[in-house]
Amino acid sequence: MKHLHTALWGVLPYLTLVVLVAGTAWRYRYDRFGFTTRSSQLHESRLLRVAGLLFHYGLLFVIAGHVAGLLVPESLTDRLRISEELYHTNALLAGGTAGLATLAGLALLLYRRLRTPAIRAATSRGDRVVYPMLITVVLAGLTATASGATAASTYDYRLGVSVWFRSLFTLDPDVTAMAGAPLVYRLHALLAMALFALWPFTRLVHAFTAPLGYLVRPYVVYRHRGRGGVAAGRPGR
């Protein structure tokens, strides 16, 4: 059992990272134009507007919550005089709301894909794997959040899962910290690693092509010829 824990929590995270980085580099080298969501907006846009907002914004808050929960040590919140009760209450409310929004967005996206014939016909093998995987990861995360907030819970993930996660950055994984976590936390971590390993080979890779440069690029002036040959223009991005 000790060797299994070492493989799962001491070796597998680094293998996942290698697959994620190498797979993304390979995809960019040989399928650069495949870095796309394969948008289906032309087939249906009403549900997409709602589902896309719920999923993407919910996911952003979920990621922010994971960063705060896994990377911020308990000693720092103690110095900031944030009580454990306040911290966990905020994690339950904010994290739970973000997780439910993400799950609702996913459910709507899946419903949209199944009910629209053109979109259903364009569903790839990768989509058939990614959608169930995403839903399972989110459900496991919500279950972990809810179980940690119950009065009967005596497990503090900040003293277990978070310690293990931060130890990965020092290349000295604290395998024991993760091996002692409740099953739902371990399942959530394993599913997340599987998702990241699949990431470069599915439509999820489009996340690496977010047009962040548009936030800082200078305005572009578009000109057209008005009557009398006078040029007019307007600023845009």
Could you list the donor-acceptor pairs under 3.5 angstrom formed between side-chain atoms of residues 9-17 and any protein atom two or more places apart in sequence or on another chain?
residue : atom : partner : partner atom : Å
Y14     : OH   : L168    : O            : 2.8
T16     : OG1  : L12     : O            : 2.9

Review point. How about I135 and L110: do any of their side-chain heavy atoms sit closer than 4.5 Å?
Key: yes
Using residues 93-103 as the side-chain source, report each donor-acceptor pair under 3.5 Å to any protein atom, sequence neighbours left out, with the distance given to one decimal.
residue : atom : partner : partner atom : Å
T97     : OG1  : L93     : O            : 2.6
T102    : OG1  : G58     : O            : 3.3
T102    : OG1  : L59     : N            : 3.1
T102    : OG1  : A98     : O            : 2.8

Exercise for review: For S75 and D78, test the side chains for any donor-to-acceptor distance below 3.5 angstrom and give the result as yes or no.
Suggested key: no
Review point. Can you name the residues that form a side-chain hydrogen bond (donor to acceptor under 3.5 Å, both in side chains) with Y111, not counting sequence neighbours?
Key: R115
Practice item. Apply side-chain hydrogen bond (donor to acceptor under 3.5 Å, both in side chains) to T6 and list each qualifying residue two or more places apart in sequence or on a separate chain. Key: none
Tabulate below the donor-acceptor pairs under 3.5 Å that side-chain atoms of residues 170-183 make, not counting sequence neighbours, or state none.
residue : atom : partner : partner atom : Å
T170    : OG1  : S167    : O            : 2.8
D174    : OD1  : A177    : N            : 3.2

Study note, to complete from the structure: Residues joined to V18 in its hydrophobic cluster, side chain to side chain under 4.5 Å directly or through other members, sorted by chain and number, are none
Check your understanding: By the rule that ILVMFWY residues connect when side-chain heavy atoms come within less than 4.5 angstrom, directly or transitively, which residues belong alongside L60?
Key -> L53, Y57
Study note, to complete from the structure: Hits for side-chain hydrogen bond (donor to acceptor under 3.5 Å, both in side chains) against T77, two or more places apart or cross-chain, chain-then-number order -> R158
Check your understanding: Just wondering, more than 12 heavy atoms not from F61 lying within 6.0 Å of its CZ?
Key -> no
Would you list the atom pairs, donor with acceptor, under 3.5 Å between side chains in residues 188-198 and any protein atom, with sequence neighbours excluded?
residue : atom : partner : partner atom : Å
H188    : ND1  : V137    : O            : 3.2
H188    : ND1  : G141    : N            : 3.4

Check your understanding: Would V130 end up clustered with F201 when hydrophobic side chains under 4.5 Å apart are linked, directly or stepwise?
Key -> no
Review point. How would you list, by chain and number, every residue that makes a ring pair (Phe, Tyr, Trp, His ring centres under 6.0 Å) with F165, sequence neighbours excluded?
Key: F169
Revision key, fill the gap. Applying side chain to side chain contact (heavy atoms under 4.5 Å, CB included) to R125 and not counting sequence neighbours gives R128
Check your understanding: Other than L159, which residues form its hydrophobic cluster under the rule that side-chain heavy atoms must be closer than 4.5 Å?
Key -> none
